[in-house]
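Below is one structure, written out as structure tokens; comments come after it.
Each chain gets a letter, A, B and so on, in the order the sequences are listed, and its residues count up from 1.
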Amino acid sequence: MRLSQYLMPTLKETPADAEIVSHQLMLRSGMIRKVAAGIYTYMPLGLRSVRKVEQIVREEMDRAGCLEMLMPMVIPAELWEESGRWDQYGRELLRLRDRKDAQFCLGPTHEEVITDVVRNTVKSYRQLPLNLYQIQGKFRDEIRPRFGLMRGREFIMKDAYSFDLDSDQADISYAKMYDAYQNIFRRCGLNFRAVEADTGNIGGSFSHEFMVLADSGEDAIVSCDACDYAANVEKAQLRQPEGRCPMPELELEKVETPGQKTVAEVAEFLCIQPQQMLKTLLFETDAGAQVAVVLRGDRELNEIKLCRKLGCNEVQLVDEATVEVLSGAPCGFAGPIGLSCPIFADNEVAMMADCVAGANVVDTHYRGVNYGRDFAVSEFADLRQAEAGDRCPRFECTGTLQSWRGIEVGHVFKLGTTYSEALGATVLNAEGKDETLVMGCYGIGIGRSVAAAIEQNHDANGIIFPMPIAPFQVLITLLNPKEAQVAEAGETLYRQLQDNGIEVLLDDRDERPGSKFKDADLVGIPLRVTVGARGLKEGVFEISWRSSGEKMMVPMDEALQWLVGQVGEAMQKFTQVTPSTQSTRK
RNA sequence: CGGGAUGUAGCGCAGCCUGGUAGCGCACCUGCUUCGGGAGCAGGGGGCCGGAGGUUCAAAUCCUCUCAUCCCGACCA
């Protein structure tokens, strides 16, 4: 491709509404343009990277035995009513009506459609296992789209759905996808980690997320420094605290703490550590129940664990008026002693003696609070968020957890029979009896993967694309295309590279060298050939890697072979693939 | 949906407080000179100042409403 005939609208300045570096660089390099909040046009350059990722995904899915298909984006309401999600899904589902006033939605995910197809076309266990996938635009009316392609409302997703006769075989399908995902993200040149994940409201029995490690990531993950345990903090279990609770030494005593409401304020006011405090939070569930949660003062509650414990979908901190009703005091003075609602305490609380806690009286706390002697709890449970420094939850492991930020680029779920049951997707087994299909679903955010790669591979001057997903592999910069020799040498190399299957962009624009170099760095094509009168005099091309800046003078007649070799090698580096060992991991 | 902010040329911004004929840099077009890290000079085009209503002789500027966008929280690829 000749840049003089291409559309690559680079920007010298960073658009004001782009916050994170991948969003900024994708806009500046002319890869994407915004159409509305969370809705983007893929420009020619951006689309090339997107297609590269898609192709890697396609190859690995096909290798794993999956079949590509394409489902509609517009889905009739009836299907969603059958699964019950028409009413459950909420405002994130964009609903619309046709001219006959029939209701539809834009598909945010396709369990219903695929299950409908499979129940109508698959009748025998002999047709299993089956794994069907598509690469398609999805629409989710996100509450808050942000960070460019990172969280769009319309986005390109690969979604796959597996169907098996029983749970064990579904586990095999799951493991195959787990392995395929390892290959995919490795081939994309990403530094990633598979972590145990919460199954969220899609339901199902277990799942892993594939996280690209990046400080700008929206997810917090923990991993063990000794074994291969890694999990989203939402999911990370904590082991039961060990040892014995110290004996109480202090009598229960009221102390005045005027205006001291937060843990930090009270701790400072009483000259104690937050670890000696009990934090009491009052929640209301979506079922209307009211509960208190007690944690060590310096810990964070994991609301997902609380929901699981309470068997509800959602909990919310109660408003100030309700705090007064429940505790008898304004916000900031709640404590476990004398509370009327059920109290759920984190396991750690049972190990604490002589604590400070709210007294349920304005401007007052208790000192010398001891579980058992002074208050009772309805139940102890693992309720707090895992943190760096916590012990690895694996029983036999002595390691310590470290924490990271991650960008979720893929998610694999074992779904079970939720959808197959709701839609009646069954096959006949070997005995001729109906058997409900066991499903799995597997997603990859395509655009997000490109953004994540940029998040991980850039410098102050721009993007540094990993070879496998770079929009072009080689950039030829003609320093002065008006000089016949320069133009001729560049054009010749350009044609030769193309003939050898190299994706090459020729910067033949009538621009000054400075602009061309700046654009080259911004756009981040891995290899750059600089063609100028200076080098031609010596009979060499100057070739440099975008990643290292390392410059090499390569004789003109060797350049073609050299470049073809380097591109091949760079692609190869990422292409080593785990053989389909059917990982036993779950 | 709650909290915060911003809408002026394709991009980045000034002007607004204290109403008076819309400006700067980059980009774009023409010409000349330049040409190894975002050139110089000269000339030029481009704006319903997000939208609607109001106050006023007069509104980018003041008031009201609205829409859009961005950031922080709960959802997710």
Exercise. Which word best sums up how the rings of A:F192 and A:F210 line up, parallel for under 30°, tilted for 30 to 60°, or perpendicular for over 60°?
Worked result: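 Ring orientation, 0 to 90° scale: tilted.
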
Exercise. From the list B:A77, B:G36, B:C71, which nucleotide is the closest neighbour of the side chain of A:R448?
Worked result: B:A77

Seminar exercise, completed: Per atom distances to the A:F517 side chain, the nearest of B:G36, B:A77, B:U69 is B:G36

If you measure from the [atom1] atom in [N] to the same atom in [M], how many Å do you get, rounded?
N     : M     : atom1 : answer
B:A60 : B:C48 : P     : 13 Å
B:C71 : B:U55 : P     : 38 Å
B:G50 : B:C67 : C1'   : 7 Å
B:U6  : B:U61 : P     : 16 Å
B:U33 : B:C70 : P     : 47 Å
B:G37 : B:G23 : P     : 37 Å
B:C49 : B:G4  : P     : 29 Å
B:A14 : B:A9  : C1'   : 14 Å

Go through the structure and list residues passing ring pair (Phe, Tyr, Trp, His ring centres under 6.0 Å) with [X], not counting sequence neighbours.
X      : answer
A:F517 : none
A:Y42  : none
A:H411 : A:F413
A:Y40  : A:H23

Does [N] have OP1 or OP2 sitting under 4.0 Å from an N or O in the side chain of [X]?
X      : N     : value
A:R153 : B:A77 : no
A:R146 : B:U69 : no
A:R512 : B:A39 : yes
A:R144 : B:A74 : no

Residue matched to [N] through Watson-Crick or wobble contacts both under 3.5 angstrom:
N     : result
B:A77 : none
B:G53 : B:C63
B:G12 : B:C24
B:U6  : B:A68
B:G37 : none
B:G43 : B:C29

Exercise. Are the aromatic ring centres of A:F344 and A:F283 under 6.0 angstrom apart?
Worked result: no

Rounded distance in Å - [atom1] ([X]) to [atom2] ([N]):
X      : N     : atom1 : atom2 : answer
A:I39  : B:C70 : CD1   : P     : 10 Å
A:I143 : B:A77 : CD1   : P     : 14 Å
A:E142 : B:C71 : CD    : C1'   : 16 Å
A:E303 : B:G73 : CD    : C1'   : 11 Å
A:M150 : B:C71 : CE    : P     : 12 Å
A:K537 : B:G36 : NZ    : C1'   : 12 Å
A:K138 : B:A77 : NZ    : C1'   : 10 Å
A:H110 : B:C76 : NE2   : P     : 18 Å

Exercise. With a 3.5 Å cut-off and just heavy-atom distances, do the side chain of A:D521 and the base of B:G37 make a donor-acceptor pair?
Worked result: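 Per atom types, the contact qualifies.
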
Problem set entry | Donor-acceptor pair under 3.5 Å, A:R151 side chain vs B:C75 base |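 Indeed there is one.
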
So what does [X] touch, heavy atoms closer than 4.0 Å: a base, only the sugar-phosphate, or nothing?
X      : result
A:D519 : base
A:Q316 : nothing
A:D219 : base
A:G535 : base

Exercise. Without hydrogens or angle criteria, can the side chains of A:Y419 and A:R85 be said to hold a donor-acceptor pair below 3.5 Å?
Worked result: yes

Exercise. What pairs with A:E284 under side-chain hydrogen bond (donor to acceptor under 3.5 Å, both in side chains), at least two apart in sequence or on another chain?
Worked result: A:Q290

Problem set entry | side-chain hydrogen bond (donor to acceptor under 3.5 Å, both in side chains) partners for A:N131, two or more places apart |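 A:N131 satisfies side-chain hydrogen bond (donor to acceptor under 3.5 Å, both in side chains) with no other residue.
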
For this session: Spell out protein contact along nucleotides 6-15 of chain B as letters: B when the base is contacted, S when just the sugar-phosphate is, - when no protein heavy atom is under 4.0 Å; keep the 5' to 3' order.
Result: -----BSS--

Exercise. What does nucleotides 27-33 of chain B look like as a protein-contact string, B for base, S for sugar-phosphate only, - for none, at under 4.0 angstrom between heavy atoms?
Worked result: S------

Seminar exercise, completed: Assign each of A:K518 and A:F147 the nucleotide of RNA chain B bearing its closest heavy atom; nearer the 5' end lies the nucleotide of A:K518

For this session: Starting from the 5' end of RNA chain B, give me the residue, A:N461 or A:K34, whose nearest nucleotide shows up first.
Result: A:N461

Exercise. Could A:D382 and A:K309 be called an ion pair, given the rule that one side-chain N must be under 4.0 Å from one carboxylate O?
Worked result: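 Not counted as a salt bridge, because no side-chain N and carboxylate O are separated by less than 4.0 Å.
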
For this session: In plain terms, say whether A:E68 and A:R58 are close enough for a salt bridge, that is, a side-chain N and a carboxylate O under 4.0 Å apart.
Result: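 Yes.
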
For this session: Answer yes or no: is there a donor N or O on one side and an acceptor on the other, between the side chain of A:E60 and the main chain of A:A180, under 3.5 Å?
Result: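 No, the answer is negative, given that no donor and acceptor are paired below the 3.5 Å cut-off.
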
Problem set entry | Set of salt bridge (charged side-chain N to carboxylate O under 4.0 Å, His left out) partners for A:D116, sequence neighbours left out | A:R119

For this session: Using a cut-off of strictly less than 4.0 Å between a heavy atom of the residue and any atom of RNA chain B, enumerate the qualifying residues of residues 403-412 of chain A by number.
Result: A:E408, A:V409, A:G410, A:H411

Problem set entry | Of all pairs that satisfy ring pair (Phe, Tyr, Trp, His ring centres under 6.0 Å), the ones with a partner from residues 132-157 of chain A, not counting sequence neighbours | none

Review item, side-chain donor-acceptor pairs of residues 7-16 of chain A, under 3.5 Å, at least two apart:
{"residue": "A:T10", "atom": "OG1", "partner": "A:D519", "partner atom": "OD1", "Å": "3.0"}

